[in-house]
Amino acid sequence: MGDLRKTFHVRDYDLDATLSSGQAFRWQQLGQAWEGVIGGRWVRLRLSKGDITAEAAKPVRDWAWLEHYLQLHFNLDQALATFPDDEPMQNAVASFPGLRLLRQDYWECLASFILSATKQIVQIRQMVMLLSKRYGEPIASNDDDPAFAFPTIKVIAACGEKELRECKLGFRAPNLLGAARDILDKKIDLQRLPTLTSSEARKELMKLHGVGPKIADCVLLFAGGHQEVFPVDVWIERALQQLYFPKRRPSAKQLRKFADTHFGPYAGFAQQYLFHHARVHLKLK
DNA sequence: TGTTGACCTCT
DNA sequence: GAGGTCAAC
């Protein structure tokens, strides 16, 4: 009938770095464990001695959803081997070896990054939590309080801008609302995105209200698995600036071009290493 | 084609 | 001043 627990043997998997690196916003660290919601399921994860142990609230027959989300079968060595052989990249990898890319749900990822505009990770988490508590389906957890799924497109689209602003969304409220309504109005078809190339999918995503190149790229990378896509945000701009061009100040366009040509077929993966390394270890300005 | 300010609210 | 976008120069 399925199990409440399951152990996966892993090699080079830094769960802490991966879940806190700002690619997903639903994870909470409690002691040694991480609690979160993936789709409609609550789960608690713990890494120890090369094993990830997962604990569910209800018996699970098939754990494929979790293996997919955590990308447990991804060949990390193969990706790392394609990175440029330069000092900034080596330092970034050395500082968090085992940092991974998750594979998230398109809508949740899209919505989360729409909310990310000029916000820090802590605050993005806060907005996502408020939205889920208020508009998401309650689901079973092993804690005293129930957990909540991320709200559906339909539910968000039916909200008023004013109620969304009450979840501390500020000027992001009309953007989230607009994107949800655009999708319901079939301005784009989320189901079809996985069948498109990354540049086709980027064009589609950017048809949505409030979605520009940065958010589109984050969705391509974190939900679509387009690992060659390199989202450029202000952190990465500063990091590239400091690490690769300490003596001059390239234009945004030049940095964009550098990002697109320097990092190879797993550029998005490389970006994640640089991003996390910069955020934790570098003084940027 | 490239740059600048407005947009909410909170630390 | 914050992990962005859009519209107006």
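Per chain, numbering begins at 1; letters A, B, ... match sequence-line order.
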*Answer yes when A:E161 and A:R165 have at least one side-chain N-carboxylate O distance shorter than 4.0 Å, and no when they do not.*
yes
*In whole angstroms, how far is the C1' atom of C:dG3 from the NE2 atom of A:H276?*
14 Å
_Nucleotide nearest A:P213 when distance is taken to its side chain, options C:dG3, C:dT5, C:dG4_ = C:dT5
*Is it true that A:D3 and A:K58 have a side-chain N and a carboxylate O under 4.0 angstrom from each other?*
no
*Once you round it to whole Å, what is the distance between C1' of C:dG4 and CE of A:M206?*
11 Å
*Counterpart base for C:dG3, defined by Watson-Crick or G-U wobble contacts under 3.5 Å*: none
_Show the nearest heavy-atom pair for residues A:V93 and A:Y273, with the distance to one decimal._
CA-CD2, 3.7 Å
_Once you apply a heavy-atom cut-off of 4.0 Å, does A:V211 come out as touching a base, just sugar-phosphate, or nothing?_
sugar-phosphate
*Looking at every strand, decide which applies to A:I121 at a 4.0 Å heavy-atom threshold: base, sugar-phosphate, or nothing.*
base
*Base, sugar-phosphate, or nothing for A:R172, non-hydrogen atoms under 4.0 angstrom?*
base
_Euclidean distance for P, C:dA8 against B:dC8 (whole angstrom)_ = 16 Å
*Just call it for A:G210: base, sugar-phosphate, or nothing, with non-hydrogen atoms closer than 4.0 Å on any strand.*
sugar-phosphate
_Whole-Å gap separating C1' (C:dG4) and CZ (A:R238)_ = 13 Å
_Side chains of A:Y135 and A:E163 only: does a donor on one sit below 3.5 Å from an acceptor on the other?_
yes
_Quick check on DNA chain C: between A:F275 and A:H209, whose nearest nucleotide comes earlier from the 5' end?_
A:F275
*asked:* I'd like to know if A:E55 and A:K6 make a salt bridge, using a cut-off of under 4.0 Å between side-chain N and carboxylate O.
replied: no
*asked:* Rounded to whole Å, how long is the line connecting atom CD of A:E237 with atom P of C:dG1?
replied: 17 Å
*Run the salt-bridge test on A:K207 and A:E204 with the 4.0 Å N-O cut-off and return the result as yes or no.*
yes
*Nearest-Å distance, CG (A:L169) to C1' (C:dT5)?*
16 Å
*Start and end of the DNA chain B segment that chain A contacts, any atom under 4.0 Å from a heavy atom*: B:dG2 to B:dT9
*asked:* Heavy atoms only, 4.0 Å cut-off, all strands: where does A:S112 land among base, sugar-phosphate and nothing?
replied: nothing
_Taking every non-hydrogen atom, the tightest pair across A:L220 and A:R202_ = CD1-CB, 3.8 Å
*Whole angstrom value for the distance that separates P of C:dA2 from NZ of A:K214*: 14 Å
_Interatomic distance, A:Q120 CD vs C:dG4 P [rounded to whole Å]_ = 11 Å
*Measure the distance from CG on A:D217 to P on C:dT5 and round it to the nearest whole Å.*
9 Å
